[in-house]
Protein chains: 2
Amino acid sequence: MSKKVSMKDIATELGVSVALVSYVLNGKFTNRINVETAEKIRKLAKQHNYRPNQIAKSLKSSKTYTIGLIIADISNLFYSSIAHFIEEEANKQGYNVVFGSAYEDPERFASILDVFIAKQVDGLILAVPEGGEKYLERVKEVSLPFVVLDREFAELDRSMIVNIDNYGASKVVVEHFQQQGFTKTAAIALKTNLKHLQARKEGFMETSSQALGLREPLFYEVLEKDLEQEIERIILHAVQVEKVDSLYFFTNRIAMAGLAVLARFDIAVPEQVAVVCFDEADAYKIFKREITYVQQPLKEMSQMAVQKILNPEIRKLKKIFQTKLIVKESTNQIIDNEKL
Amino acid sequence: MSKKVSMKDIATELGVSVALVSYVLNGKFTNRINVETAEKIRKLAKQHNYRPNQIAKSLKSSKTYTIGLIIADISNLFYSSIAHFIEEEANKQGYNVVFGSAYEDPERFASILDVFIAKQVDGLILAVPEGGEKYLERVKEVSLPFVVLDREFAELDRSMIVNIDNYGASKVVVEHFQQQGFTKTAAIALKTNLKHLQARKEGFMETSSQALGLREPLFYEVLEKDLEQEIERIILHAVQVEKVDSLYFFTNRIAMAGLAVLARFDIAVPEQVAVVCFDEADAYKIFKREITYVQQPLKEMSQMAVQKILNPEIRKLKKIFQTKLIVKESTNQIIDNEKL
DNA sequence: TTATTTCATTTAAACGATTAAACAAAAGAA
DNA sequence: TTCTTTTGTTTAATCGTTTAAATGAAATAA
């Protein structure tokens, strides 16, 4: 019930000045301050369960020990994993995390950005949506440290970006399909201009073309809305009409929808189609065959993002993270009986 | 590059007082203030892209427009969904969310609590871990509005709790199994003393006993560590030795591990065992059969939690949310050939 | 012409902490 | 005994904003 106690309350109760209380509780001038007075102050502070008001401290120091994190959607496993690791690393360094979801909407992104700036966060980790890059100016104006996560933009110095080699990731996927004997792959991606997904696409297209010669690689794009239905249509077309022997799902959500279709229509994996997904999901374990997927080093990336915010030296580094193909049953080689 | 501009900067530049700037920018005393002066101030503020310092505002008003959310783990789908809805509702009311994960560790919980209190959040939404209830005293001490989410504690007035009827949820599950002709169910739960999970257990045990007469219901408990292996052992035992015809997975994580075992060992669902899971997951869609599950009204619960924080009237309400059994193929009735 | 309103703006305290600088009293050096 | 140091504490400014109260000038009323 008791309201919060301030240094002033303690000072008044003991008939000393606020400054003295501050010095004692912060362990300053320990050699000058009377031991008994100090003891009295400490005791009363404990008794009243004194907690410094972080707001007041922040006003003086203009440090809030808070990092702002803007992602697409916290309920998406990819981002919630990142949030998890960012929180972990931030905590380790004595920082907290405020988060906001922009749902790929640049206006929403800008509005959250403004709020976080007004809140005086000490740094920002941003999964900038398409069309949101122009609002980064606002961050620069107030010279707030920031990094862009997952996404990339041409105007942005590489040292400000924490992401993976998307081109290379797709290259590895295509090569893996080849090695396992799958020669006709369809990739399914979101329709978007986001540069990192473009790179992922190019990695697929170019590597496929090289490997397959002239044949045009099969690349499908779906819109966010009606994703489920679109994917059903696409997969059935790819499998039944185009007779592909392998599918490459470009994102988490696409993978989920795609695997659901495969399960529902009893399309055998990998016998009828092999499957590779981008990003990890618990769910892959419960599909009839365990799923081969591209693993991003989320923990390392998150740590790097936080460290870039907090450490100017690390902020200068340019680093592209490499992904790892986790090979499971969904790309098992098919032994063709006729060749035996 | 330019540092942040304050009201003082604007005031100085125009040779007026800070108070006047404040009045103008907050639209106070509009009838008294000279229209031209007001215009000048507004113009310069816009020009300099003035953003009020929220920290300073908070210090004066002791309102931070921030809600603290403490959950077990943001990367767990259940909590990230809740975080999503809480953020959504909080935003709608002009609030932000800071979050912390306590990983079911009461000390960690207490430490996050302290930080949030020092940060002067306006309210707290807490998934209190076992043994963490004693730290709620700290929150009461500073008379901060709070609600406990998902969990329940005897000492706590029901109006402070936002959760579901766990007993009833299990009752419905058992009855559903009965109706579908499954008579020997094993439930798999976490080993815990958390009251809400106890209620879930009692709902299962009592309804089962009543339905089955004297036969002791099969109830397995697993430890958090080695969860995967334990569950494998348990399921194989339940299915092969005890010959159960149905499984009831008590939580998200148990369900995932359990379904993975069923998939790996090719245990047919629902032909060999029917399955019901607690809580929703994308993953259920990609299991060979769609999974019947207990759905919590997460959105409504999240909204209620936020509203309880922000509205003293709603804070008084006592409400237990009801779950909904989403029936899918994993509990399809088995037509026994021998009876035909 | 003097008193009263109205208008436009400023002063100053406050929120809760930090911190450089000032100060008074006691102790030590000359 | 006077001067200098040391010891222990206070004063006051500051961070950026809000807001009640004060102020002074112009307009209106008496």
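D9(B) and K4(B) are not joined by a salt bridge, as no carboxylate oxygen comes within less than 4.0 angstrom of a charged side-chain nitrogen. Comment: K134(A) does not engage E137(A) in a salt bridge, judged by the lack of any side-chain N to carboxylate O separation of less than 4.0 angstrom.
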Legend entry - Protein-to-nucleotide contact annotation, 5' to 3' order, nucleotides 8-13 of chain D [B base; S sugar-phosphate only; - none; under 4.0 Å, heavy atom]: BSBB--
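The distance from atom NZ of K63(A) to atom C1' of dG16(D) is 19 Å, rounded to the nearest whole Å. The distance from atom NZ of K28(A) to atom C1' of dA21(C) is 15 Å, rounded to the nearest whole Å. Atoms CD (Q54(A)) and P (dA17(C)) sit 10 Å apart, rounded to a whole Å. Taking atom CD of residue E36(B) and atom C1' of nucleotide dA8(C), one finds them 12 Å apart after rounding to whole Å. The distance between atom CG of L25(B) and atom C1' of dT17(D), rounded to the nearest whole Å, is 11 Å. If you take CG of L14(B) and P of dT9(C), they are 11 Å apart, rounded to a whole angstrom. For the pair N26(A) CG and dA17(C) P, the interatomic distance rounds to 10 Å; values are reported in whole Å. A straight line from NZ of K8(A) to P of dA13(C) spans 12 Å, rounded to a whole angstrom.
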Anything under 3.5 Å between a donor and an acceptor, one on a side chain of residues 15-24 of chain A, the other on a protein residue two or more places apart or in another chain? List them.
from   : atom 1 : to     : atom 2 : distance (Å)
S17(A) : OG     : L20(A) : N      : 3.3
S22(A) : OG     : N26(A) : ND2    : 3.3

Using residues 110-117 of chain A as the side-chain source, report each donor-acceptor pair under 3.5 Å to any protein atom, sequence neighbours left out, with the distance given to one decimal.
from    : atom 1 : to      : atom 2 : distance (Å)
D114(A) : OD1    : R138(A) : NH1    : 2.9
D114(A) : OD2    : R138(A) : NH1    : 2.6
D114(A) : OD2    : R51(B)  : NH1    : 3.2

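When the side-chain nitrogen and oxygen atoms of K4(B) are compared with OP1 and OP2 of dG16(D), none of them lie within a distance under 4.0 Å. At the phosphate of dT18(C), OP1 or OP2 sits under 4.0 Å from a side-chain N or O atom of S22(A). Not one side-chain nitrogen or oxygen of N53(A) sits closer than 4.0 Å to the OP1 or OP2 atom of dC15(C).
In this structure, the ring of Y103(A) has its center less than 6.0 angstrom from the ring center of H84(B).
Side-chain contact between I55(B) and K119(A) is absent, with no heavy-atom pair separated by less than 4.5 Å. L144(A) is listed as a side-chain neighbour of L124(A), based on a closest heavy-atom distance under 4.5 Å.
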